[in-house]
Amino acid sequence: MKFFIDKEYAHRNTRLFLWLFVANVLIISALNAALIYYLLAFKYDRLAQTPKLFLIPFFISIMVFVIACYYSILRLSDGGKVATMLGGRLLQFPLTDESEKRLYNVVEEMSIASGTPVPFVFVLDGESSINAFAAGSDPKNAAVAVTEGAMKALTRDELQAIIGHEFSHILHDDMELNSKVAGAVNGFMFFMKMGEVMLRGNRSSSTGKRKADGSAAALWIFALGIYILGSVGFFLGRYMQSLISQQREYLADASSAQFTRNPAALAQALAKIYNGHGSALSKGDKYELAHIFFADGLSSFASQFFKTHPPLLDRIGRLLPEGSKVEEFIFEKSVRAEGKENAQRVIAEVHKERIRKVMDENPQDIEKLAMHASAISMSTLQALRVQTDEHIKISQELLAQIPDSARSDLQNPDNAKANLLSVVISTNDQPDHLIKAVSEGHPDKMPLIERNLAMIRINTAIRLLLFQLSLSPLRTLSKEEKSMTWTLLFNAFQSDQTLTFTEALFLFLAKQALMPPIKTTTQVSQKPSPFHAAAVARISYWFGLNVSDQELRNDIELITGIPVPKIPEQKLSWLLFEDQLSKLLRLDLNNRQKVVSLFLKQLPIEHPADQGETFRLLSLCLGVPIPPLVPSEL
Amino acid sequence: MTAIVLILCLVLLAVIIMSVFNKLVRLRNMMKNAFSQIDVQLKRRYDLIPNLVETAKAYMKHERETLEAVIQARNQAYAVSSTLAKNPGNADTMKQFIGAEGALTGALSRLMVVSEQYPDLKANTTMSGLMEELTSTENKVSFARQAFNDSVMEYNNTREQFPNNVISGFFNFQSAAPFEITQAHEKETVKVNFA
């Protein structure tokens with residue numbers, strides 16, 4: 001029920017900015033009046049004795065604003081007229097087009113949810129961007145319009161969310177509020193223009209014939225004063241207008257979430273705008289009416305000043321559950337919609353925008369800057385981490401290859417253990433010894449193991465899946481049984497007297513699943529230290545990389561921020577391996593992602609299947625799981 | 001002078017009472033309207049279902065049971081709602097009605113899930129049109145309930161806040177209860193057969 005709080009917050013802020021706006025009007029009016037009064041009092045002494053006369057110019061000045069307000073409302077009160085003016089086409093009954101029917105249904109639904117009458121529904125033909133607006137000062141003559149692009153690109157839920165947003169504008173009389181404020185801003189403009197015209201007229205008349213008395217000077221002072229007051233009021237007014245308008249947008253977003261009870265749909269619609277669909281409109285006089293649209297309708301240059309809408313990222317951020325990351329949300333949506341290549345571009349853009357923001361606000365915040373900068377370089381890894389339909393397909397295919405006997409009855413721990421052992425055997429150099437031991441102890445499990453082995457020979461990628469599948473049921477075992485299984489695996493993996501990197505990774509994974517986490521007495525800091533640099537270098541060496549390669553060393557230094565210490569090229573031993581990996585595991589997710597992205601970078605596009613497996617194993621051990629690699633993605 | 005101040009205070013008090021009273025009346029009427037919307041949308045759904053089932057029949061020969069269940073649930077709910085219309089406020093009939101409504105919602109959602117498995121049916125324009133209508137009506141029913149509950153909340157909030165509670169107590173504005181449905185059928189998960 002966060003939206004109720006969000007709504008209250010937006011209401012409060014609107015009130016605050018409105019008071020400021022009114023204060024602006026009053027102060028400027030009072031100054032206007034004071035200017036007139038003192039200029040006149042200067043000339044006619046009699047005036048100076050009746051200060052009450054000050055009120056006359058004051059009220060005249062206020063009247064200018066009131067008239068400007070009501071003129072503006074009058075002009076924009078009829079929603080249908082505004083919609084037609086902006087190029088909208090009224091939906092004609094009976095509806096024949098499927099998408100128009102859908103639109104109308106959605107409008108009806110939101111009308112029920114918000115408890116307002118069904119407005120006129122318009123379509124903005126030929127606009128391919130995603131946008132919508134509501135117009136009309138009264139729910140009875142209100143109109144809602146949607147661009148053709150929104151009807152095509154949005155799902156039913158997303159369309160519903162946008163319409164819900166527009167209904168909030170109708171329900172909360174935003175059109176009238178915005179018209180009033182815009183009218184009052186025009187009032188300031190009136191004074192500004194008046195001053196400007198008088199200044200110009202004064203100059204031309206003074207060149208004609210010089211007036212000797214002080215009235216010309218007084219007139220000049222008056223014109224200049226009015227002009228300055230008008231401009232100051234105008235700019236302050238415009239600024240407050242944009243603040244008020246932004247609060248109304250937040251209010252409408254929160255209300256939409258209230259009506260649909262589906263804030264994610266609205267966030268998705270906004271993400272679609274962000275991810276390339278855009279919201280700019282091609283036709284119509286939008287400058288004056290910019291505030292009525294769902295998202296910025298102006299091209300980006302004009303909308304830079306006095307924004308009527310809050311930034312998309314902030315709007316999305318308020319809709320997502322507390323603590324979720326806007327960048328990741330946008331990124332995931334983008335990957336689903338447009339594939340990974342485009343998504344990488346988008347995520348880079350997001351972070352570049354954030355960098356600009358940090359630079360504007362606090363250029364000293366090196367840490368934040370570095371975070372966003374490294375996020376750009378990590379975008380490849382992040383792209384890999386999003387599951388797409390292709391991954392699901394690959395996973396299903398892999399799963400289908402696993403024999404039913406291995407998959408069925410995984411609740412039976414013996415089957416699961418047999419599966420694990422077949423993985424061990426497949427990694428072993430001298431498997432005969434191991435096979436013999438198993439066939440003597442559990443002859444009934446041999447057919448299963450043999451089938452698993454045959455399958456792994458055909459497709460190595462299955463090995464990891466099989467291992468993971470079989471580990472999960474073992475989690476329910478008792479502590480003693482778990483520890484026995486772990487010992488079994490530990491001995492089996494080392495039965496050939498050597499422990500390869502891949503084997504060690506499998507073993508680490510099994511330990512994470514079966515054994516309680518290691519308690520450390522020494523506190524290792526979250527921030528990268530020389531230990532981490534050394535650990536990355538060691539693991540790189542075991543991974544089969546050339547550690548003396550300068551480029552690799554530079555990369556490690558970039559990630560850890562520390563030059564790579566000289567490390568002896570040590571042979572892999574379990575204790576050392578476990579120690580190094582545990583060190584890295586204590587880094588925060590962001591840093592671990594950086595480490596994984598380093599190895600990803602070193603992975604050649606045409607890599608052998610077992611190298612891909614090792615990479616995925618490593619990423620799993622570091623707690624940065626990656627779906628099966630699709631060769632085309634690297 | 002004191003008289004003037006006293007009169008001004010009284011006028012101010014009257015204005016405050018009047019505005020609170022009017023606000024409460026407005027909210028109560030909004031709430032009533034929201035409640036009647038639920039009824040309107042339910043009726044709409046009863047009219048829509050026979051058409052939908054008729055179209056689906058031609059394609060879903062193997063789903064006779066599902067279709068019959070939908071029709072049966074619809075007739076049941078319709079009958080109970082007619083009885084309810086005759087004597088509204090009857091707690092027993094209301095209970096029956098809520099049960100019948102739940103059964104109908106369950107049967108419909110089962111039909112929608114099952115129909116996903118018939119590509120021909122999904123391609124049929126009449127059917128897709130009807131499906132859109134049904135989705136919309138289902139949404140409208142739940143939005144109507146939600147709008148009613150939201151307006152109940154707003155009404156109760158306004159009613160119970162100080163100083164409104166003094167005024168609402170004086171003019172006897174009763175507390176309103178939200179539309180709560182604990183339907184066993186709605187919570188039942190839909191079984192999907194991947195045959």
Side-chain angles (χ1 to χ4, degrees), chain A residues 1-8 11 93-118 121 139-140 151 154-164 167-168 170-173 254-263 265 396 399-400, chain B residues 23 26-45 47-48 51-52 112 116 122-158 161 176 178-179 181 194:
Chain A
M1 298 288 158
K2 185 166 157 277
F3 43 80
F4 283 123
I5 299 163
D6 283 348
K7 275 178 75 178
E8 193 48 51
H11 272 303
F93 289 91
L95 299 169
T96 47
D97 188 56
E98 286 280 317
S99 59
E100 285 178 6
K101 270 188 199 164
R102 188 180 74 158
L103 173 64
Y104 196 78
N105 278 339
V106 166
V107 171
E108 278 186 334
E109 286 161 27
M110 284 299 97
S111 127
I112 290 169
S114 64
T116 29
V118 180
V121 185
K140 287 190 197 74
M151 283 168 72
L154 299 180
T155 65
R156 198 177 195 286
D157 284 351
E158 289 159 3
L159 191 65
Q160 199 178 51
I162 288 193
I163 299 290
F167 264 91
S168 164
I170 299 177
L171 184 68
H172 295 113
D173 283 336
S255 304
S256 167
Q258 183 200 346
F259 300 150
T260 62
R261 298 287 145 99
N262 187 1
Q396 279 169 351
L399 209 57
Chain B
K23 192 174 183 191
R26 195 171 54 83
L27 286 175
R28 194 171 56 183
N29 286 339
M30 250 172 77
M31 194 176 73
K32 280 182 183 163
N33 175 52
F35 191 75
S36 68
Q37 272 292 341
I38 303 178
D39 212 36
V40 171
Q41 296 311 325
L42 287 177
K43 291 237 159 55
R44 220 180 95 96
R45 183 159 76 158
D47 298 341
L48 191 69
N51 287 332
L52 182 86
M112 280 170 121
E116 289 288 309
K122 271 165 77 185
N124 181 312
T125 48
T126 325
M127 189 62 189
S128 66
L130 282 170
M131 272 300 189
E132 162 63 30
E133 287 304 308
L134 186 63
T135 311
S136 183
T137 314
E138 290 285 316
N139 283 349
K140 282 170 187 164
V141 171
S142 62
F143 283 140
R145 278 184 202 151
Q146 176 190 306
F148 172 70
N149 286 350
D150 282 355
S151 65
V152 165
M153 192 194 79
E154 202 184 340
Y155 169 74
N156 281 341
N157 274 350
T158 314
Q161 270 163 11
F179 196 102
I181 304 177
F194 285 114

Item to complete: State, to 0.1 Å, how close A:Phe259 and B:Phe143 come at their nearest heavy-atom pair, and which atoms those are.
Response: O-CE2, 3.0 Å
Practice prompt. State, to 0.1 Å, how close A:Ala113 and B:Ala147 come at their nearest heavy-atom pair, and which atoms those are.
Written response: O-CB, 3.4 Å
Practice prompt. Would you mind checking which part of B:Ala34 comes under 4.5 Å of any heavy atom in chain A, side chain (CB onward), backbone (N, CA, C, O), both or neither?
Written response: neither
Worksheet item: For B:Met31, is it the side chain, the backbone, both or neither that has a heavy atom under 4.5 Å from a heavy atom of chain A?
Response: neither
When you scan chain B against chain A, which donor-acceptor pairs turn up at less than 3.5 Å?
unit_1, atom_1, unit_2, atom_2, d
B:Glu132, OE1, A:Arg156, NE, 3.1
B:Glu132, OE2, A:Asn105, ND2, 3.1
B:Glu132, OE2, A:Arg156, NE, 3.3
B:Glu132, OE2, A:Arg156, NH2, 2.8
B:Glu133, OE2, A:Asn105, ND2, 3.1
B:Ser136, OG, A:Glu109, OE2, 2.7
B:Asn139, ND2, A:Glu109, OE1, 3.1
B:Lys140, NZ, A:Glu108, OE1, 2.5
B:Gln146, NE2, A:Gln258, O, 2.8
B:Gln146, NE2, A:Phe259, O, 2.5
B:Asp150, OD1, A:Arg261, NH2, 2.8
B:Asp150, OD2, A:Gln258, NE2, 2.8
B:Asp150, OD2, A:Arg261, NH2, 2.7

